[in-house]
Amino acid sequence: MKHLIYICLFAMTSLGMTIPDSGVCVVEFNASFNSSNSVDWIDELSDCKGKRVDILTNPELQKEHKIVVPTVIVFNDGEEVERFQANIMMQLEVTKDEVQEAVDEIMMSAF
């Protein structure tokens, strides 16, 4: 069985980046001052598109989604499905496998 790969599109507006409204997309929200705590596996996830958002250059998304850095959010058709937030040390404790499992559940629910 072939996996369906959804491509999420980010539109640039005068306010900055917007959240995709189609497909499955995993977005890491972080800030340049916390780059040492970025996840390095976002682009390795399958059956989804991975994106990174710097909240310093996109503060409207930080406010809209109530982001603490770093945060990983799984979106499906523009709707938040799963959220993984940092601990008090501004580090994510979620693993690639846990995020991939959330993506896989979305994909399986489509059948």
Side-chain angles (χ1 to χ4, degrees):
M1 175 174 82
K2 289 187 177 182
H3 291 284
L4 297 176
I5 298 177
Y6 289 91
I7 298 174
C8 62
L9 302 173
F10 276 76
M12 297 303 290
T13 67
S14 60
L15 295 174
M17 200 175 290
T18 61
I19 297 302
D21 60 0
S22 65
V24 178
C25 190
V26 178
V27 182
E28 177 198 22
F29 294 87
N30 206 350
S32 54
F33 64 80
N34 192 43
S35 62
S36 64
N37 289 322
S38 290
V39 296
D40 58 357
W41 41 257
I42 282 287
D43 298 323
E44 298 172 13
L45 296 169
S46 60
D47 297 323
C48 66
K49 184 73 174 174
K51 294 290 181 182
R52 297 184 193 313
V53 173
D54 185 335
I55 64 165
L56 297 179
T57 58
N58 295 283
E60 69 284 353
L61 291 179
Q62 185 272 330
K63 184 177 180 180
E64 178 182 346
H65 296 285
K66 298 175 176 74
I67 300 297
V68 297
V69 292
T71 295
V72 170
I73 299 179
V74 180
F75 292 94
N76 185 27
D77 295 333
E79 297 294 321
E80 181 177 328
V81 176
E82 188 87 40
R83 175 183 290 244
F84 305 94
Q85 290 185 283
N87 61 25
I88 196 163
M89 300 300 292
M90 294 174 50
Q91 300 170 331
L92 279 169
E93 296 177 346
V94 67
T95 66
K96 174 184 167 189
D97 290 339
E98 291 170 318
V99 175
Q100 185 64 61
E101 184 176 316
V103 171
D104 292 346
E105 286 178 16
I106 294 167
M107 298 303 292
M108 291 305 292
S109 69
F111 293 105

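The model shown is predicted, which means the values in this text are computed figures rather than measured ones.
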Set of side-chain contact (heavy atoms from CB on, under 4.5 Å) partners for E101, sequence neighbours left out: E105

Non-hydrogen side-chain atoms of I73 and I67 separated by less than 4.5 Å: yes

Heavy-atom check, side chain of F75 versus side chain of K49, under 4.5 Å: no

Any V69 side-chain heavy atom under 4.5 Å of T71 side chain: no

Donor-acceptor contact below 3.5 Å, side chain E79 vs main chain N76: no

Where A86 and L92 come nearest, the two heavy atoms and their spacing: N-CD2, 3.8 Å

Quiz: residues 26-34 side-chain donor-acceptor pairs under 3.5 angstrom, not counting sequence neighbours:
| from | atom 1 | to | atom 2 | distance (Å) |
| --- | --- | --- | --- | --- |
| E28 | OE1 | R52 | NH1 | 2.9 |
| E28 | OE2 | V39 | N | 3.0 |
| N30 | OD1 | N34 | ND2 | 3.1 |
| N30 | ND2 | N34 | O | 3.3 |
| N30 | ND2 | S38 | OG | 3.0 |
| N34 | OD1 | N37 | ND2 | 2.8 |
| N34 | ND2 | M90 | O | 3.3 |

Heavy-atom side-chain proximity of I55 to L61 below 4.5 angstrom: no

Validation row: Q85, R83 side chains within 4.5 angstrom (heavy atoms): yes

Where P59 and T57 come nearest, the two heavy atoms and their spacing: CD-C, 3.4 Å

Side chain proximity check, H65 to V53, heavy atoms < 4.5 angstrom: no

Straight-line distance of S35 OG to D54 CG, nearest 0.5 Å: 9.5 Å

Point-to-point distance, once rounded to the nearest 0.5 Å, from CG of D97 to CD of Q100: 8.0 Å

Any donor-acceptor pair under 3.5 Å from D77 side chain to G23 backbone: yes

Between CG on residue D43 and NZ on residue K51, distance to nearest 0.5 Å: 8.5 Å

Closest non-hydrogen atom pair, F84 against E98: CZ-O, 4.3 Å

